[in-house]
> 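This is the structure I have questions about; it appears just below.
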Amino acid sequence: MISSQVCALLSAALLLTGFAQAETYRWDSVATGGGGFVSGIIPSKSERGVVYARTDVGGAYRWNAHDERWVSMMDWVPEAQVGLMGVASLAIDPKDAGRIYLMAGTSYFNGGKSAILRSSDYGRTFDVIDVTARFKVHGNAIGRQNGERLQVDPGDGRVLYAGSQYDGLFRSGDAGTTWERLASLPVTTTPNGAGISFVLLDPASVEGGSARRIFVGVSRQESAGPNLYVSHDAGASFEPVEGGPAGLMPQGAVMSPEGRLYLTYANGAGPHPTEGEPMDRGQVWEYDAVGGNWADITPAGASGPFGGISIDPADPRHLVASTVNTWRQQGSGWGDRIYTTRNAGRDWVDVVERGFAIDPKGIDWITGSSIHWAGDIEFDPFDSKTAWVISGNGVFRTTDIDAPTTRWGFDVRGLEETVAFAMLSVPGGPLVSVIGDYDGFVQDDPAQYGVRHSPAMGTTTSLAGSTDGRVLARAGSGIYYSTDTGASWAKAAAINGSHGKLAVSADGQLLLHSPERASTTYRSTDFGTSWSVAAGLAVADAHPIADAVDPRRFYAYDNVNGRMLVSDDGGATFTARGQLPAQGLKTMAAAPGRAGDVWVCLAGRGLAHTSDAGATFETIAGVDSCTAVALGKAAPGTAYPALYMWGTVHGVRGMLRSIDKGASWSRINDDAHQYGGTQSIAGDLNTYGTVYMTSAGRGIVYGATAGDAGDVIVAPIDTSGPGPAEPPNRCEYVITTAWEGGHIADLRITNNRSATIHGWTVSWTYGDNSTVDSWWNAAVTGAPPTWTATADQPWNTNIGPGATVSFGMVVTGSSIPVISGDVCK
């Protein structure tokens, strides 16, 4: 029997092509091999081989035991909800391994939108339950490896508990649909902002259909208040648990069937030191929940912070524990320690000291690295020789933790959780990328692991190259250049500033560097041995690009003043040439093989094109907004390069492709392949149809034509009629505090549209000549009665779809004005 959904897809495919075979795309991750912080690993205790992992910025994954590969469960996340890629906790229904819940949100995305994601089919589909009004979630906060904070009642799968970071403990009785705060726990947030570090339900206490005994860990030292609470009546009341270590805060806990609680402690939330929390000391303790006795069971000689702990379901005296933020010899690297015990912590074996090896599983760059920030470690509930441990660079697994030399496999296949910054396709050559923490890669095939850039410098924010790709440059804490397409790299002798944007001339002989947070761009003709100032380019955080043909020409978009700055003397001087709208994006793309041919993203003002080196511009009809633009190999039978854009055409948003210079467009992704949106894309110069895109934390993903074997049907966009109308944005003037003759006002801007707003200016006129006496979080100018405010803070300049930003003022007067400006339309 064919489902109605399948029938609909088949019908759509036939209509798109006039009953011809539909073109399809296949989307996948560029294989880099982990690289980001896996903040939790959660195996099912009811179904063998079912394991879930959560990450701080890259979503959540399910382990496919048959293929030994992770499957991303959150590629459907749209940019309007990109913050959901920060997963603070994950819970499995103890009776149903396919029923899972995620507590997700990121404070600096989408106005802090927070949600519970609910799935009954192993994470293939989710219900999104917005809980922002009840509690806020920050998956990338300190203490993100603590937990788990979210739990399903072992007696009743409809009952959930959520320990928040800022708002206290919450309970749901309807599978997460609605939530109420349990005021019986006298905790909201903590001095470090990490709040509740874990919630633990005792399965042995199930009575009357639900667990009666609940332990809650709190991320604070006892000097700030109790940090361990217990309830014996399903949360109706809580009481502090007396005793435990001094000067430490709980990280995680497990409970044996006999009622013994095993807890890890550290002098910080972790996984790294923060102000006032050095994260350099910790212990492991046992608490007898029946007798009330405490015992210090810290491994002998170990004084560093502890994070992960797990108990063998087959033997309650068999435990495994891990340190966190401990940098000791670990093979050829430096990292955390892992301990096992067979007698409930009275004696421990240091697994790393006994014998340690990493199996890179074909990911050569991990060699010499380590297991670190190991805040969670878990036995396989069905095989106590197998254990998983999280790390700041991925996740590791051993299948024999008792072996004299324990081998830890770098099991990150499919788990591509990195923050990528840029990609570059070399004509006739490889794909080159730069990423956070681990530099980036050179790879001949995006489906196969590549070679990490060496020498390494960690986070690398920019990449540029000559037209033929022979000369490359990358920037981070330093600048490195290559004259052999990335096979080898040399460090520039000098750098002004750091982590900026680079441009390399078409012939590779000139280099421009615009340092981060600087308004000066520097120029070098000797690969960074010496530098001079590029005159006329006083643009903050400029992003210059090189002409694809003329080695003396560079471009930079001054998006504050709405003008294209052009250099015809190798970047020595820039002068204003053509006019563009203000508040577009600084990123541009030069058309391969065409002098003077450049495309410019104008954010909510569309897409502009010049073919005369910036003297004049054409705005492309039908393009509503543009976030990123790139060019790749031309389609068969066409001469002009294929044009790719993450943007909106006639109300259709996503990854769009045009093979006729923007005259017509097709969407080549779908709602199941959104990855939280993108800030950077690159077209493949060797294979028509292939395009690469960065994500907020999901690494680099790419789409490629797949004949009729893909999973996304290419959808031409019909521009013949009016596109769907988008709702207006909302600008509000809200008085938060008032007194006789004055008030404090909060001006709030909400983006109700599908594209990110990049920069904003608003104005208002008082009816009573009110004066603005002081302000914050914006630049306010004017005189009674008319005033203007412009974004000047990095965190509220860009407004994502669905997000709200605000700024405040102290005002003498009582009039409530109407707020106006392009952003309010």
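Just so it is clear, the model here is predicted, and its values are computed rather than measured. Just so it is clear, the values below take in all heavy atoms, side chains as well, and ignore hydrogens, waters and symmetry mates.
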> Looking at every heavy atom in both T521 and A542, which two are closest together, and how far apart are they?
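Taking every non-hydrogen atom into account, OG1-CB, 3.9 Å.
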> Evaluate H743 against T737 for side chain to side chain contact (heavy atoms under 4.5 Å, CB included), listing each step before the verdict.
CA-CA 6 Å; H743 61 268; T737 304; over 6 Å; no
> Are H543 and Y557 an aromatic pair, judged by ring center distance below 6.0 Å?
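Judged by ring-centre distance (under 6.0 Å), Y557 and H543 do not meet the cut-off.
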> If the threshold is 4.0 Å, N to carboxylate O, is there a salt bridge linking D822 and R605?
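Salt bridge: yes.
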> Hey, could you give me the CD1/OG distance between I196 and S164, rounded to the nearest 0.5 Å?
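If we round to the nearest 0.5 Å, I196:CD1 and S164:OG are 5.5 Å apart.
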> Can you confirm whether or not the ring centre of Y675 sits under 6.0 Å from the ring centre of W646?
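Centroid distance Y675-W646: not below 6.0 Å, so no.
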> What orientation do F170 and F135 show, parallel under 30°, tilted 30 to 60°, or perpendicular over 60°?
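Because their plane-to-plane angle lies in the 30° to 60° range, the rings of F170 and F135 count as tilted.
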> Say you draw a straight line from CG of D127 to OG1 of T177; how long is it, rounded to the nearest 0.5 Å?
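Output value for this atom pair is 8.0 Å.
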> Side chains of S763 and S820: donor-acceptor distance under 3.5 Å anywhere?
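Not at all, the side chains of S763 and S820 share no donor-acceptor pair under 3.5 Å.
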> For I757 and G759, which heavy atoms make the closest approach, and how far apart are they?
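Closest approach of I757 to G759: CG2-O, 3.4 Å.
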> State the CG-CE distance between N140 and M85, to the nearest 0.5 angstrom.
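Reported value, rounded in 0.5 Å steps: 12.5 Å.
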> Quick check: closest heavy atoms across V811 and W739, and the distance to 0.1 Å?
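Taking V811 first and W739 second, the nearest heavy atoms are O-CZ2, 4.4 Å.
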> Roughly how far, to the nearest 0.5 Å, is the CZ atom of R118 from the OG1 atom of T125?
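It is 10.5 Å, given to the nearest 0.5 Å.
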> Please assess L117 against M74 for the test side chain to side chain contact (heavy atoms under 4.5 Å, CB included), listing each intermediate value before the final yes or no.
CA-CA 10 Å; L117 309 184; M74 298 180 67; 3.6 Å; yes
> I'd like to know if the side chain of H138 reaches the main chain of S107, judged simply by a donor and an acceptor atom lying under 3.5 Å from each other, with no hydrogens or angles considered.
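Yes: the side chain of H138 pairs with the backbone of S107.
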> Regarding D792 and T790, do their side chains bring together a donor and an acceptor under 3.5 Å, going by distance alone?
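No, no side-chain donor-acceptor pair sits under 3.5 Å.
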> Between D167 and R181, does any NZ, NE, NH1 or NH2 come within less than 4.0 Å of an OD or OE carboxylate oxygen?
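Between D167 and R181 there is no salt bridge, as every charged N stays at least 4.0 Å from the carboxylate O atoms.
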> For the residue pair G813 and S770, what are the closest heavy atoms and their distance?
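Residues G813 and S770, closest heavy atoms: CA-OG, 3.3 Å.
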> What verdict does the side chain to side chain contact (heavy atoms under 4.5 Å, CB included) test give for H650 and D718, after you've listed the backbone C-alpha separation in whole Å, the side-chain angles of each residue and the deciding distance to 0.1 Å?
CA-CA 8 Å; H650 219 60; D718 181 5; over 6 Å; no
> Tell me yes or no: between the side chains of T756 and N798, is some donor less than 3.5 Å from an acceptor?
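N798 and T756 do not have a side-chain donor-acceptor pair below 3.5 Å.
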> Ring-plane angle category for F554 and F574, please: parallel below 30°, perpendicular beyond 60°, tilted otherwise.
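Tilted: the ring planes of F554 and F574 meet at 30° to 60°.
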> Give a yes-or-no answer on whether the side chains of S219 and N192 include a donor-acceptor pair shorter than 3.5 Å.
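Distance-only check passes for S219 and N192.
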> Any chance the side chains of R144 and N146 put a donor and an acceptor closer than 3.5 Å?
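No donor-acceptor contact under 3.5 Å links the two side chains.
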> Locate the shortest heavy-atom distance separating D773 from T812; write the atom from each residue and the value.
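That would be OD2-OG1, 2.5 Å.
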> Hey, what do you get for OG1 (T694) to CD1 (I681), rounding to the nearest 0.5 Å?
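If I round to the nearest 0.5 Å, the distance is 9.0 Å.
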> Working to the nearest 0.5 angstrom, can you tell me the gap between C601 SG and L607 CG?
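Interatomic distance, C601 SG to L607 CG, rounded to 0.5 Å: 6.0 Å.
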> At their closest point, which heavy atom of G662 faces which heavy atom of S658, and how far apart are they?
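Closest pair (atom of G662, atom of S658, distance): N-OG, 2.8 Å.
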> Checking side-chain polar atoms at under 3.5 Å, does S666 have a donor or acceptor matched by the opposite partner on R657?
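Short answer, no.
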> Which is it for R653 and S625 under the side-chain hydrogen bond (donor to acceptor under 3.5 Å, both in side chains) test, yes or no, and what are the steps along the way?
CA-CA 9 Å; R653 185 159 184 83; S625 68; 2.9 Å; yes
> Between M564 and M588, is a side chain to side chain contact (heavy atoms under 4.5 Å, CB included) present by the stated rule, with each step listed?
CA-CA 11 Å; M564 177 66 80; M588 301 173 287; 3.4 Å; yes
> Classify the ring geometry between F807 and W764 as parallel (under 30°), tilted (30 to 60°) or perpendicular (over 60°).
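Tilted, since the angle between the ring planes falls between 30° and 60°.
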